[in-house]
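Worth knowing before you read on, the calculation uses all heavy atoms, side chains too, and leaves out hydrogens, waters and symmetry mates. What you see is a predicted model; the values in this text were computed from it and never measured.
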Amino acid sequence: MSILIINARVVNASGESAAACDIRIDNGRIERMAPQISRNGEQIIDAVGKLVLPGFIDLHVHLREPGREDKETIATGSQAAVKGGFTSIFCMPNTTPAIDTAQVVQYILDQARKVGLVNVYPVGAITKGRAGVEITEMMDLRRAGCLGLSDDGRGLMNAGLMRRALEYARMSGLLIMQHCEDETLSNKGAMNESAVSTLLGLKGDPLVSETVIIARDIELARYLSARVHFMHISSARSVELIRRAKAEGVPVTCEATPHHFALTEDLVKTFNTAAKVNPPLRGWDDVAAIRAGLKDGTIDCIATDHAPHTQEDKEVEFDAAPPGLIGLETAFGLVVKELVNPGILTMAQVVERMSGAPARIMGLESKGVIAAGKDADIVIVDMNREWTVSREDTVSKSKNSPFLGQRLQGRVVATICGGRVVYEE
Ligand code: DOR
């Protein structure tokens, strides 16, 4: 089936096209882009009044399968992804069993192929069972299809093991994606350690639990000339450390989540467990620094850390609730509301942070850009549409969002993945 998108105002990371064009898609690829392409029986999609962007790529998603299919499945997570405009998602290994063997990788790839909505890239564990003790068979994981490794949900705290992981990962062609947390400092804190945590009587996780790992891993990356990707960074100090490391030529990259650029710890005052997340929501200075880092490129990309949890799991006292919130369906609306409308990011920069940079970081050469010859992974958005986040509108199996009831602007109206329409409003 061929598709012809007509009246396409294309935005790539390099900028917005001066005039609308037609895009012909055939065999999963963008075959041709021209001012006007004559029709030849293709499925026509009229993008007049909309923007046409490269499909978003999310480096940080929890699909919960295998093991916690009551929270999310590869099918429901894929549906949430395409509704949010994502065409490629990297799923984290904190499943049961963990993604620490080729068999689990293969299982996820098989399921994802059966669902057939979105490109799913399993992220393997750095250590067996994510226990932080013994390194996984990295070459096996790479051969099975992994591009990156992480113990996400837990930081890799042992410096010697991290050194070896970086060396083996480089040999295996894998990217180490670090969950930046020293658990001896975070100490099972339920929220950011601050005046607010004292006031609420909740145990705090100080931002230094994040920065000590980032500072250490910057030194390891420098020493070994090895790449490290820092996941979901949350503090102003983290942004500063990474900015300086990049200026010094250390090969580090990082991501930030919509909740860390949109929300502060003040939300925890409601004791709404949807606001419990790891790393925790921090202060306004941290939010401002995350925004500045996204603007100047210190923060390479936006990743959701989509972390579904059931109502039963979340409807407990704040201390006992698991951390995490869902993010795939609200990411773009939050980016428009919090970053584009206030003039922090241009749409070209949004494309860079949500498509271009994540594609480059993971080595997906045929993705992240709309151009002839590239994969036909495309999202069409209506920038003017306002909408309200609601449970009913949410297709993720879990509804743990602190954004329920919020008005957002910017809505995905269609998603094309591999040359097929996988979502249409
Ligand atoms: O909030 C979080 N939830 N942070 C993590 O690192 C893990 C995730 C989860 O798996 O629920």
Side-chain angles (χ1 to χ4, degrees), residues 55-69 71-96 98-99 104-105 107-109 111-113 115-125 130 145-153 175 177-179 229-232 254-260 277-279 300-309 322-332 334-335 353-355 357-359 361-362 364 367-368 377 379 394-401 403 412 415 417 422-423:
F56 305 138
I57 299 171
D58 193 344
L59 299 190
H60 199 144
V61 173
H62 297 272
L63 290 177
R64 304 295 188 217
E65 191 178 344
R68 284 308 301 264
E69 291 83 354
K71 295 181 191 240
E72 195 78 286
T73 64
I74 291 166
T76 57
S78 297
Q79 283 161 15
V82 295
K83 186 151 185 269
F86 293 92
T87 49
S88 294
I89 55 177
F90 287 73
C91 62
M92 289 300 131
N94 58 340
T95 47
T96 316
I99 311 178
V104 184
V105 176
Y107 169 80
I108 292 167
L109 290 174
Q111 293 303 110
R113 211 167 291 128
V115 173
L117 289 176
V118 60
N119 302 298
V120 175
Y121 297 93
V123 171
R130 299 169 44 256
C146 289
L147 300 176
L149 300 182
S150 178
D151 275 356
D152 185 56
L175 177 67
M177 306 164 83
Q178 175 73 294
H179 167 111
H229 178 76
F230 298 118
M231 304 172 94
H232 49 44
C254 68
E255 66 190 36
T257 69
H259 46 277
H260 287 114
V277 63
N278 185 19
D300 302 83
C301 56
I302 295 166
T304 66
D305 194 3
H306 176 83
H309 292 292
L325 53 94
I326 55 169
L328 286 167
E329 296 169 69
T330 47
F332 183 67
L334 286 165
V335 165
R353 305 277 175 266
M354 296 186 78
S355 308
I361 288 169
M362 301 313 303
L364 304 175
K367 300 193 186 296
D377 291 355
V379 56
T394 300
V395 299
S396 170
K397 204 167 197 178
S398 293
K399 316 293 172 191
N400 53 309
S401 168
F403 299 106
V412 171
T415 306
C417 184
V422 287
Y423 172 75

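- Atom CG of residue Asn119 and atom CG of residue Leu109 lie 10.5 Å apart, to the nearest 0.5 angstrom.
- For the pair Val123 and Pro93, the minimum side-chain heavy-atom distance is below 4.5 Å.
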Let's go through Thr73 and Gln111 carefully: what are the C-alpha distance in whole Å and the side-chain angles of both, what is the deciding distance for side chain to side chain contact (heavy atoms under 4.5 Å, CB included) to 0.1 Å, and is it a yes or a no? CA-CA 10 Å; Thr73 64; Gln111 293 303 110; over 6 Å; no

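- Within the 4.5 Å cutoff, side-chain heavy atoms of Leu147 are placed close to those of Leu364.
- If you check the side chains of His306 and Asp58, you find no donor sitting under 3.5 Å from an acceptor.
- Checked against Asn94 for a side chain to side chain donor-acceptor pair (under 3.5 Å), the options His179, Arg68, His62 give a single hit: His62.
- Taking every heavy atom of both residues into account, His259 and Thr304 meet most closely at CE1-O, 3.5 Å.
- Side-chain contact of Asp300 with His229: a donor-acceptor pair under 3.5 Å is absent, judged by distance alone.
- Separating the NE2 atom in His232 from the NE2 atom in His60 is a distance of 4.5 Å, to the nearest 0.5 Å.
- With Thr87 as the fixed residue, the side chain to side chain contact (heavy atoms under 4.5 Å, CB included) test singles out one of Asp377, Leu117, Val82: Asp377.
- Although no hydrogens or angles enter the test, the distance criterion places a donor-acceptor pair under 3.5 Å between the side chain of Arg130 and the main chain of Asp152.
- Taking both residues in full, the closest heavy atoms of Met231 and Ser150 are given as SD-OG, 3.4 Å, listed atom of the first, atom of the second, then distance.
- Side-chain contact between Leu59 and Cys301: present, with at least one pair of heavy atoms (C-beta onward) separated by less than 4.5 Å.
- Residue Lys367 comes nearest to Ala359 through the heavy atom pair O-CB, 3.6 Å, listed as atom of the first residue, atom of the second, then distance.
- A donor-acceptor contact under 3.5 angstrom links the side chains of Thr76 and Glu72, judged on distance only.
- Put simply, the side chain of Met92 does not reach to within 4.5 Å of the side chain of Leu63, judged on heavy atoms.
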Taking it one step at a time, do Arg64 and Thr96 satisfy side chain to side chain contact (heavy atoms under 4.5 Å, CB included)? CA-CA 8 Å; Arg64 304 295 188 217; Thr96 316; over 6 Å; no

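- Using a 4.5 Å heavy-atom cutoff, the side chains of Pro66 and Ile108 are in contact.
- Although no hydrogens or angles enter the test, the distance criterion places a donor-acceptor pair under 3.5 Å between the side chain of Ser355 and the main chain of Gly55.
- Remark: Tyr107 OH to Ile99 CD1 distance equals 11.0 Å, nearest 0.5 Å.
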Tell me, with the steps shown, if Val379 and Tyr423 meet side chain to side chain contact (heavy atoms under 4.5 Å, CB included). CA-CA 9 Å; Val379 56; Tyr423 172 75; over 6 Å; no

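- A donor-acceptor pair is defined here as one N or O able to donate and one able to accept, closer than 3.5 Å; no such pair exists between the side chain of Glu329 and the backbone of Lys83.
- Using a 4.5 Å heavy-atom cutoff, the side chains of Phe86 and Thr415 are not in contact.
- The minimum heavy-atom distance between Pro323 and His309, with the atom names listed, is O-NE2, 2.7 Å.
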Under the criterion side chain to side chain contact (heavy atoms under 4.5 Å, CB included), I'd like the reasoning laid out for Ile361 against Leu175: C-alpha separation, chi angles, the key distance, then a yes or no. CA-CA 8 Å; Ile361 288 169; Leu175 177 67; 3.5 Å; yes

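- Side-chain contact check for Cys91 versus Glu65: every heavy-atom pair is 4.5 Å or farther apart.
- Put simply, the side chain of His260 gets close to the backbone of Pro279: a donor and an acceptor are under 3.5 Å apart.
- Scanning both residues, Asn400 and Gly324, for their nearest heavy atoms gives ND2-O, 3.1 Å.
- Residues Ala81 and Val118 share a closest heavy-atom pair of CB-CG2, 4.4 Å.
- Between Tyr121 and Met362 the shortest side-chain heavy-atom distance does not fall below 4.5 Å.
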